[in-house]
A.B. asks: 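Below is the structure I would like to discuss, written out as structure tokens.
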Amino acid sequence: MLPLSLHSNRVASTFIRSHVIRNRIWTRRAHLRTLTTLAIETSCDDTSVAILSSSEQDGTQVHFHEKITANNDAYNGIHPLVALHSHRANLAPLIEKALKQCPSQIDFISATRGPGMRSNLAVGLDTAKGLALGLNIPFLGVHHMQAHALTPRLVLAMNAPPSSVDDVVQPAFPFLTVLVSGGHTMLIDSAGLTDHSILAETCDIALGDCLDKAARAILPRDLLQAPYGKALEDFAFPQAPLDYDYTAPTRRKEELEYRQTRWYWGLKPVFADSKGGMKTSRRMAYSFAGLLSAVERLLLRKTAPDGHLTDEQRKQEEISVDERRDLAREIQRVAFEHLASRVLLHLSSMSSVPSINTMVVSGGVASNQYLRHIMRSMLDARGYTHIKLEFPPVELCTDNALMIAWTGLEMWRAGYRSDLDIEPIRKWSMDPKAEDGGILGVGGWRHDGQS
Ligand code: AMP
Ligand code: ZN
């Protein structure tokens with residue numbers, strides 16, 4: 001039965017609320033007046049509302065940003081009905097609160113159109129249509145993944161110094177994005193506002209999912225608390241080290257080498273012994289399910305080799321905290337090296353295409369300090385010291401309405417609006433070469449040449 005008493009976690013993004021940041025990011029013509037949007041995000045388990053405006057005088061200004069996350073602690077993942085109930089209960093009160101804090105006139109409403117859970121998206125999209133009709137203003141359906149990809153542009157716009165006279169939004173296209181969350185693992189080539197090619201994505205589970213499940217298997221019970229990925233990091237490195245005692249592989253061959261630990265086990269690099277050898281190991285894809293089951297198998301073998309241990313034997317076989325800690329470190333090392341390896345494969349294959357100077361690493365897992373260290377070390381070890389790594393603050397890495405507002409503003413400035421009859425989209429690519437035609441391929445767009 002669906003529990004009706006939801007204890008929602010209120011995550012007030014105070015660090016950005018009432019935070020006036022000036023910048024000059026839009027083209028001269030677009031600076032002419034302030035543009036304000038109210039944005040809604042309901043694609044998964046976060047109900048979020050933001051009001052964002054931009055103008056030449058005041059730069060990028062956040063008037064309101066809050067989110068409420070459905071409590072799914074009782075479930076092994078997100079329960080769609082619990083999330084749906086949370087959206088229905090929390091969205092309208094959040095909008096009411098936002099409108100009370102909005103100092104200026106709202107020009108249009110933005111809402112996530114997809115991809116995501118259809119009925120959850122519908123709560124936000126239908127509310128957005130109602131608001132737009134009630135206020136007699138247009139509305140714009142936003143692609144959720146495009147919004148994740150554009151988040152670094154939002155962050156840099158927010159942080160740009162008041163004296164900045166740069167007319168181009170930074171980071172300028174093209175740039176690379178690695179999106180690592182509980183549901184996604186993607187390497188994206190962002191070539192333009194609506195042109196985001198997926199270079200690699202997971203063929204089984206997401207990196208966040210893998211780390212969450214590994215934490216449940218490895219961590220002593222009393223240390224297991226959400227977010228599990230963070231618990232795994234804290235267990236592996238109780239004191240965040242300045243030096244991780246980590247040496248990045250300097251050649252592709254080294255990446256595929258098996259490293260045995262002092263406990264006589266090791267975790268094989270992903271794709272290292274896939275049929276087809278080197279060729280298959282160069283697949284532009286991610287995979288974390290095999291790594292997770294290797295860890296689970298290792299723990300199972302250690303705790304009950306044949307399932308018939310006496311209590312005394314079980315005690316002897318019990319894995320020490322030190323060994324568990326090494327396992328926590330190793331699964332992260334292997335997973336993060338795999339993540340970085342596809343970036344290196346892509347960079348080494350692009351001799352003739354424009355060079356990349358910026359790579360954004362975003363999503364909940366991007367807050368992991370070991371991941372950041374490994375990504376930087378591997379880029380440096382292969383001669384990509386010039387590539388700047390950007391890590392948006394965690395509050396903006398995870399699902400939020402501010403990124404929807406920003407994408408709404410960017411799309412609006414480019415002349416796009418949505419028809420009132422658009423529907424939520426469960427699966428929606430952002431790649432123009434995909435079967436559905438990507439962001440603009442799905443229809444329901446109107447282009448206003450007067451923007
Ligand atoms: P998201 O799906 O973007 O909301 O991110 C949630 C995912 O990020 C979950 O799988 C978390 O366990 C994971 N996560 C959060 N913090 C960390 C961390 N410090 N290290 C690794 N994973 C993390
Ligand atoms: Zn998301």
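Numbering starts at 1 and runs along the sequence shown. One-based numbering, in listed order, for ligands and for the atoms of each.
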A.B. asks: Give yes if a backbone or side-chain nitrogen or oxygen of D399 is under 3.5 Å from a nitrogen or oxygen of ligand 1, and no if not.
C.D. replies: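 So ligand 1 has no N or O lying under 3.5 Å from an N or O of D399.
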A.B. asks: Name the option, out of G208, G229, C210, that contains the heavy atom nearest to atom 22 (N) of ligand 1.
C.D. replies: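 Going through G208, G229, C210 one by one, G229 has the nearest heavy atom to atom 22 (N) of ligand 1.
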A.B. asks: In the protein, which heavy atom is nearest to atom 1 (P) of ligand 1, and how far is it?
C.D. replies: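 Ranked first by proximity to atom 1 (P) of ligand 1 is S181 CB, 3.7 Å.
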A.B. asks: Considering only the protein, which heavy-atom contact is closest to atom 16 (N) of ligand 1, and what is its distance?
C.D. replies: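 Checking every protein heavy atom, the shortest distance to atom 16 (N) of ligand 1 gives S367 OG, 3.4 Å.
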A.B. asks: For R251, is there an ion pair with E255 - N to carboxylate O distance below 4.0 angstrom?
C.D. replies: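 Judged by the 4.0 Å cut-off on N to carboxylate O distance, E255 and R251 do not form a salt bridge.
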A.B. asks: Could R216 and E296 be called an ion pair, given the rule that one side-chain N must be under 4.0 Å from one carboxylate O?
C.D. replies: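 Result for this pair is no, no salt bridge flagged.
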A.B. asks: If the threshold is 4.0 Å, N to carboxylate O, is there a salt bridge linking E330 and R333?
C.D. replies: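 The answer is yes: the pair qualifies as a salt bridge.
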A.B. asks: I want to know if ligand 1 touches D212 in the polar sense, i.e. an N/O pair below 3.5 angstrom.
C.D. replies: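 It does: an N or O of D212 is found under 3.5 Å from an N or O of ligand 1.
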A.B. asks: What do you reckon, are the aromatic ring centroids of Y244 and Y370 less than 6.0 Å apart?
C.D. replies: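 That pair passes the under 6.0 Å test.
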A.B. asks: Please list all pairs passing the salt bridge (Lys or Arg N to Asp or Glu O under 4.0 Å) test where one or both residues lie in residues 419-429, with sequence neighbours left out.
C.D. replies: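 The answer is D419-R446.
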A.B. asks: Of the protein's non-hydrogen atoms, which lies at the shortest distance from atom 20 (N) of ligand 1, and what is that distance?
C.D. replies: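 So the nearest neighbour among protein heavy atoms is N368 ND2, 3.0 Å.
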A.B. asks: Is the H144 ring parallel, tilted or perpendicular to the H184 ring (thresholds 30°, 60°)?
C.D. replies: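 Taking H184 first and then H144, their aromatic rings sit tilted (interplane angle of 30° to 60°).
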A.B. asks: Could you check whether F336 and H373 have their ring centres less than 6.0 Å apart?
C.D. replies: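 No - the distance between ring centres of H373 and F336 does not fall below the 6.0 Å cut-off.
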A.B. asks: Of all the heavy-atom pairs spanning F64 and A98, show the shortest one and how long it is.
C.D. replies: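 So the minimum-distance heavy-atom pair works out to CD2-CB, 3.4 Å.
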A.B. asks: Which is closest to atom 17 (C) of ligand 1 in terms of heavy atoms, Q369, H184, K230, Q332?
C.D. replies: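 Nearest heavy atom to atom 17 (C) of ligand 1 lies in K230.
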A.B. asks: Got a sec, which pairs hit salt bridge (Lys or Arg N to Asp or Glu O under 4.0 Å) with one end in residues 356-380, sequence neighbours left out?
C.D. replies: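 Every pair satisfying salt bridge (Lys or Arg N to Asp or Glu O under 4.0 Å) with a residue in residues 356-380: R376-D380.
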A.B. asks: Can you tell me which residue and heavy atom of the protein come closest to atom 13 (C) of ligand 1, and the distance to 0.1 Å?
C.D. replies: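 Protein heavy atom at minimum distance: V365 CG2, 4.0 Å.
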A.B. asks: Side-chain contact, heavy-atom cut-off 4.5 Å: M375 with L389?
C.D. replies: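 Yes - at least one pair of side-chain heavy atoms lies under 4.5 Å apart.
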A.B. asks: Any N or O on E233 sitting closer than 3.5 Å to an N or O of ligand 1?
C.D. replies: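 Yes, at least one N or O pair falls under 3.5 Å.
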A.B. asks: Starting from atom 15 (C) of ligand 1, which protein heavy atom do you reach first, and at what distance in Å?
C.D. replies: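 Result: G364 O, 3.5 Å.
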A.B. asks: Knowing that exactly one of I188, L176, T177 qualifies, which makes a side-chain contact (heavy atoms from CB on, under 4.5 Å) with L199?
C.D. replies: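 Going through the options one by one, the only one that passes is L176.
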A.B. asks: Show all protein N/O/S atoms under 2.8 Å from the Zn ion (ligand 2), or state that there are none.
C.D. replies: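 Metal shell, protein only: H144 NE2, H148 NE2, D399 OD1.
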A.B. asks: Do G182 and ligand 1 have an N or O pair less than 3.5 Å apart?
C.D. replies: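 Between G182 and ligand 1, an N or O pair is found under 3.5 Å apart.
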A.B. asks: Of all the non-hydrogen atoms in the protein, which one sits nearest to atom 4 (O) of ligand 1, and at what distance?
C.D. replies: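 Looking at atom 4 (O) of ligand 1, the protein heavy atom closest to it is T398 CG2, 3.4 Å.
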A.B. asks: Return each pair, listed once, that meets salt bridge (Lys or Arg N to Asp or Glu O under 4.0 Å) where at least one residue sits in residues 384-393; pairs must be two or more places apart or across chains.
C.D. replies: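 Residue pairs with at least one partner in residues 384-393: K388-E390.
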